[in-house]
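In listed order, ligands and their atoms are each counted from 1.
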Amino acid sequence: MKTRMTVRIILLLLAVAVAATATMVDAAVTLPHDAALDQGYDRTLDPDQGFARAPRTVYRRTFARPDAEGRFSIRFDGVHLESSVSLNGRWIGGFHTGYLPFEVPLEALAPTNTVEVEVSAPQGNARWYQGCGILRDVWLVRRNGWTLEPEAVAVTTELNADGSAVVRVRAEGATVVSPANGEFLVREPRLWTPETPFLQELEVVAKNAAGESDSLKVRYGIRTVEFTKDRGLLLNGRPYRIKGICQHETFGALGAAFSLAATKRELRTLKDLGVNAIRTVHNPFSPRFYELCDELGFLVKDEAFDEWRIQHTANGYHRFFDACWTNDLQTFVHRDRNHPCVIIWSVGNEIPDHATGAEGGVLTRAMVDVVRALDRTRPVAAGICRPAPAFTNGVMSALDVVGLNYNANWFEKLRGWKPVFGSETAPSLAERDTYLFEEKNGRMVPVQSVGHRECAYSPKAFGWAAPAEAALKVQIDAPWSAGEFVWCTYDYLGEPNHTGRNKTQYWPARSSYWGLCDLAGFPKDRYYLYRSRWNETSPTVHLLPDWTHPGLEGKVFPVWCYTNAQEAELFLNGRSQGVRRFADTQDLHLNWNVAYEPGILEVRAKMPDGTTVIDRKVTAGPVAGYVVKKDFESDGLVFFRIDAVDSAGNRVIGCEDEVRVNVLNGILMATDNGDATDHTRFASPVRRLFRGSLLAVIRRTSSDSFPQVNVTRTGFRENRLLSR
Ligand code: GAL
């Protein structure tokens with residue numbers, strides 16, 4: 001008989017953030033919520049965390065005792081960073097990390113109850129901006145009688161030689177009653193892959209030693225994963241190349257509180273890019289992220305830690321490591337193991353302990369054992385940035401698969417010894433539509449940086465890492481590698497490293513320059529390099545640079561085209577500048593040197609199916625207005641892209657007008673322009689365009705009337721595009 005009564009309902013959609021300092025005020029907030037967003041920047045604070053203030057915050061919610069039998073508790077999917085929870089003034093629990101769930105029992109509920117959650121995130125708790133607050137969903141859980149917990153159930157799948165599949169179900173501390181004997185055969189399985197993300201649902205019934213039974217539904221996908229030494233990853237027994245990307249779970253102008261709409265927007269972008277795998281840097285993400293990856297089809301490298309016993313940052317995880325790592329790792333695997341999207345467990349990223357003596361290896365082995373006790377169907381890896389010590393001290397031998405962060409020369413060294421992949425590759429510092437040149441004898445030569453600006457060609461090579469094109473070639477030349485995870489999708493708040501500067505010189509930059517897209521989510525040129533190599537279903541033809549360079553007539557510019565065509569011809573004002581073929585170059589872009597004259601620069605690329613695909617850059621005139629276009633919409637949020645245009649509708653990337661975003665039928669949540677040095681509050685309707693563009697995020701207030709956005713100019717600022 002079924003007695004299970006575990007119910008999870010979202011409890012706290014609304015709460016009050018109670019003033020914790022004299023300068024704060026009580027405010028009604030919607031959860032999830034990031035209390036550090038828009039609190040201003042202070043140059044004395046941690047540069048890695050984007051100079052952001054993270055105020056200690058108390059959330060309060062009053063609720064009536066639920067009108068139902070049972071034992072109640074509150075489950076937090078993630079509160080960053082250190083939390084303390086009280087019920088009616090009495091302490092009932094707390095947690096030390098925002099990346100994992102925790103539950104606190106609600107005993108002795110009164111007719112009316114007040115729960116308070118106090119959260120603090122000390123400076124230096126991560127190497128990037130992670131915000132502060134109840135960053136993920138909160139649930140009221142009701143249990144009645146013995147309950148089969150979702151985390152106790154493990155569904156695994158295996159393929160037989162005849163193509164049929166076996167689905168096995170285990171329940172920790174219980175006996176599975178249905179499916180009978182804990183397994184069943186699927187004769188003609190529809191296999192889960194990123195391209196065909198077929199999901200199934202199964203009702204699992206189990207009983208405990210006392211004979212009480214309970215049931216729950218589990219969603220799963222049928223697929224197998226094997227990492228080999230010679231053929232890379234085998235997905236469902238077939239070689240499958242990882243075209244992966246690294247991503248932090250923060251949402252630019254929307255802060256670090258989980259946003260379903262922003263996550264979906266990002267996954268939309270990644271599908272367009274041709275990405276098939278995501279690495280959750282450097283921590284477990286929100287539960288909804290994995291559900292979306294199951295549904296939309298992304299492989300996930302699920303990462304547990306960025307720090308072990310030896311500190312990366314002053315207030316990092318090392319403070320809790322010895323006391324908590326075993327439990328935390330178990331919670332992580334329990335939480336995520338039924339997601340078909342998860343194909344690798346990563347126990348750490350660039351862990352300083354990996355570069356120590358034997359203790360690095362001992363700890364790694366201990367972690368691998370903890371993971372294996374709960375899941376043997378996926379390999380355990382780590383992102384290793386110092387391969388030499390990790391090769392000799394037992395770290396690499398303890399792992400099932402070696403993830404190399406950069407260090408491209410190690411692919412050859414590890415060949416045939418262990419399965420290997422690029423866990424982090426190809427960093428480059430670049431900004432959207434930013435073309436910086438130095439003139440040398442009439443030629444315009446790209447330079448990496450000028451002040452706080454970074455060039456879209458990203459000409460600088462880092463000593464520690466192969467540049468993007470070289471890193472792509474490393475993977476082509478190393479078929480035994482499972483593929484790579486590029487650093488990284490979007491720029492993010494924090495880590496504002498830029499060329500030739502150390503941390504004390506980052507200010508006023510408060511966000512990173514590493515992304516293929518800027519902080520607003522708009523693609524940089526480098527995006528199209530990857531799209532041309534990874535998106536196999538639609539043509540890519542992308543020209544750079546911009547073609548508005550007044551005063552530089554006759555100077556010779558490098559014109560690049562990223563394309564998946566084999567050849568392309570370039571025209572300037574209708575005159576051919578020649579055909580370029582990949583057969584004649586080692587580069588992964590086509591290249592012309594073109595003397596500047598205003599007009600139309602057009603590339604015509606011949607696609608394998610015989611069609612011609614064109615991209616154009618047109619010399620822009622003065623700004624005549626702003627074009628507002630919907631970029632994405634989901635779950636009540638609409639993302640608009642605003643571009644300055646001339647009278648012919650050409651983008652004017654030199655425009656840095658300050659504008660006001662006016663909204664009808666909606667609430668403006670944030671604006672952003674992707675400029676790492678812009679300190680205007682994200683909530684502000686007034687902001688400067690950067691490189692001619694702006695993002696506005698609007699919350700819909702009605703399902704009938706779509707938000708109307710118009711843009712008015714409030715100020716003018718001239719921008720010089722060229723550095724020298
Ligand atoms: C890596 C690190 C990332 C990020 C990146 C910047 O070494 O794993 O978290 O810091 O460098 O290039």
For Trp417, the option from Trp410, Phe391, Phe411 that meets ring pair (Phe, Tyr, Trp, His ring centres under 6.0 Å) = Phe391
One pair per line, please: each N/O atom of ligand 1 matched with every protein N/O atom under 3.5 Å away, atom names first, then the distance to 0.1 Å.
{"residue": "ligand 1", "atom": "7 (O)", "partner": "Glu350", "partner atom": "OE1", "Å": "2.7"}
{"residue": "ligand 1", "atom": "7 (O)", "partner": "Glu350", "partner atom": "OE2", "Å": "2.6"}
{"residue": "ligand 1", "atom": "8 (O)", "partner": "Asn349", "partner atom": "OD1", "Å": "3.4"}
{"residue": "ligand 1", "atom": "8 (O)", "partner": "Asn349", "partner atom": "ND2", "Å": "3.1"}
{"residue": "ligand 1", "atom": "8 (O)", "partner": "Glu350", "partner atom": "OE1", "Å": "3.4"}
{"residue": "ligand 1", "atom": "8 (O)", "partner": "Glu350", "partner atom": "OE2", "Å": "3.4"}
{"residue": "ligand 1", "atom": "8 (O)", "partner": "Glu424", "partner atom": "OE1", "Å": "3.0"}
{"residue": "ligand 1", "atom": "8 (O)", "partner": "Glu424", "partner atom": "OE2", "Å": "3.1"}
{"residue": "ligand 1", "atom": "9 (O)", "partner": "Arg127", "partner atom": "NH1", "Å": "3.3"}
{"residue": "ligand 1", "atom": "9 (O)", "partner": "Arg127", "partner atom": "NH2", "Å": "2.9"}
{"residue": "ligand 1", "atom": "9 (O)", "partner": "His282", "partner atom": "NE2", "Å": "2.6"}
{"residue": "ligand 1", "atom": "10 (O)", "partner": "Arg127", "partner atom": "NH1", "Å": "3.2"}
{"residue": "ligand 1", "atom": "10 (O)", "partner": "Glu495", "partner atom": "OE1", "Å": "3.1"}
{"residue": "ligand 1", "atom": "10 (O)", "partner": "Glu495", "partner atom": "OE2", "Å": "2.5"}
{"residue": "ligand 1", "atom": "11 (O)", "partner": "Glu424", "partner atom": "OE2", "Å": "3.3"}

query = Only one of Asp34, Thr97, Asn125, Asn283 clears side-chain hydrogen bond (donor to acceptor under 3.5 Å, both in side chains) with His80; which?
reply = Asn125
task = Taking the six-membered ring for Trp and the single ring otherwise, decide whether the centroids of His282 and Trp487 are under 6.0 Å apart.
result = yes
message = So, applying ring pair (Phe, Tyr, Trp, His ring centres under 6.0 Å) with Tyr530, which one of Tyr528, Trp534, Tyr527 is it?
response = Trp534
query = Which heavy atom in Pro379 sits nearest to a heavy atom in Val225, and how many Å separate them?
reply = CD-CG1, 4.3 Å
Listed once per pair and sorted, the salt bridge (charged side-chain N to carboxylate O under 4.0 Å, His left out) pairs that draw on residues 356-372, sequence neighbours left out = Arg372-Asp400
